[in-house]
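We use all heavy atoms of the structure for the numbers below, so side chains are in, but hydrogens, waters and symmetry mates are not. Naming: A, B, ... by sequence-line order, numbering from 1 per chain.
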Number of protein chains: 2
Amino acid sequence: MNLYIKRIKDLHSRLDTEILTALEEAFTDKRFEKGSYLLRPGQICTSHLLIKEGIARKFYIHQDREITTEIYFHDDVAISLDSYIMQNPGDIYIEALTELEVTVIDYSRFYSMKSKYPEVMMLDKMFIEYYAVWFEQQLRAFQTLNATQRYLKLLEKEPQVAQLLPVTIVASYLNISLETLSRIRSKVS
Amino acid sequence: MNLYIKRIKDLHSRLDTEILTALEEAFTDKRFEKGSYLLRPGQICTSHLLIKEGIARKFYIHQDREITTEIYFHDDVAISLDSYIMQNPGDIYIEALTELEVTVIDYSRFYSMKSKYPEVMMLDKMFIEYYAVWFEQQLRAFQTLNATQRYLKLLEKEPQVAQLLPVTIVASYLNISLETLSRIRSKVS
DNA sequence: AGTATTTTTTGACTTGCGTCAAATTTCCGG
DNA sequence: CCGGAAATTTGACGCAAGTCAAAAAATACT
């Protein structure tokens, strides 16, 4: 777990009980079948989706090719950021890769929580800060690393992804062809 | 100007005078010579740098190669996000490409403003939201577009960059070699 | 203006990775 | 435990874009 996530969790754990119980009320638990979609293109993203158990991914389609942008495990938050922020229809899929248990944090309820409690606003802001920094790092990875280096980095930083998911998805996450990923794998190991 | 920036400006213009004057106090104007650095690797980013006049860029060095990540014009905000957020030393340069006039928004003063006025916190949050969405779009551009397409997109979205800056910098912004950019230019026009 | 220096263009060659196609392995239902 | 589908690997080949090098053009310097 990285330093910044730790800060968010610290802040969260120091919220007083009144806020915590109020927050819980904006939460709904939900289950998804393996292979089902939590979000599809054309839909407006009206919630944060906190993964309780299982694996999910976010992807978009470009010229008939799926490009996976994020892979979610326990405690990750799935969201289509621009759709959520602007409350406009998005163009991404969020897919359950296994059977999934999710806590749904509703947009409007969360919004009123933020207005009422500055601490919650702070928490949300930290979440987005973290997300922005993560994007910046991803961008840098694509600018500086070749296919093999990106794969090695993935092995180091997110070993579960490389181990648990089929080549097709891992390749689309690294933005390389599955053949290339297969070749890299045989060289590396 | 995009829709989201418009929202931020709207919110800003609706702040009441008390807050506005308090905000102004956290601002300091500063000038930079062409070629000088507003931030260097190893330094902690202790402010937002609002560009009043001139052009600046952010870049980092990877294997002796400069990679430009952002180019700033009037009303843009230059910041090293992770350094600012964590108040850790960063690894990026912010360079004045022309003579520059900047409004410096001090970290700690801005921080206390945010604690005091929820509206200011909101404004800051919107800034980061916008930044995160921008990063996400950049990432997608690198994942889906080839060198020529990225250049054409740049011409469309940020024509000043392509027109005003030397090939070296434009190429490092598009993350291609200057030779390739030169070839693209001769083909396109 | 004339030379030096930087910037941009052009050319020849190399290479990482994509595509298409076929072979092989893994997975699974009956 | 076997046959068929899906996933993965392997091979042959092409191309976008990088590198190195030199020419040409633009800019700066005295």
Distance, rounded to the nearest Å, where A:Lys187 contributes NZ and D:dT9 contributes P: 15 Å
Phosphate contact (D:dT10 OP1 or OP2) by A:Ser186 side-chain N/O below 4.0 Å: yes
Proximal nucleotide (of D:dT8, D:dT19, D:dG11) relative to the B:Arg183 side chain: D:dT19
B:Glu66 side chain to B:Tyr60 side chain, donor-acceptor N/O pair below 3.5 angstrom: no
Whichever of A:Glu179 and A:Thr148 has its nearest DNA chain C nucleotide further upstream toward 5': A:Thr148
Pair A:Tyr151, A:Arg185: side-chain N/O donor-acceptor within cut-off below 3.5 Å: yes
For atom CZ of B:Arg150 and atom C1' of D:dA16, their distance in whole Å: 11 Å
Whole-Å distance separating the CG atom of A:Leu178 from the C1' atom of D:dT10: 13 Å
A:Tyr131 and B:Glu136 side chains, donor-acceptor separation under 3.5 Å: no
Whether A:Tyr93 and A:Tyr37 hold their rings parallel, tilted or perpendicular, with breakpoints at 30° and 60°: tilted
Test item: A:Arg57 side-chain N/O and A:Ile71 main-chain N/O as donor-acceptor pair under 3.5 Å: no
From CA spacing to verdict: side-chain contact (heavy atoms from CB on, under 4.5 Å), A:Arg109, A:Phe27: CA-CA 9 Å; A:Arg109 290 214 231 162; A:Phe27 293 0; over 6 Å; no
Joint cluster assignment, B:Met126 & A:Tyr107, ILVMFWY side-chain distance < 4.5 Å: yes
Rounded interatomic separation in angstrom, taking CG from B:Asn146 and C1' from D:dA17: 10 Å
Criterion side-chain contact (heavy atoms from CB on, under 4.5 Å) on B:Thr69 and B:Phe59, from CA distance to verdict: CA-CA 5 Å; B:Thr69 56; B:Phe59 70 95; 5.9 Å; no
Neighbours of DNA chain D within residues 169-176 of chain A, by heavy-atom distance under 4.0 Å: none
Chain A contact limits on DNA chain C, taken 5' to 3' with a cut-off of 4.0 angstrom to heavy atoms: C:dC17 to C:dC20
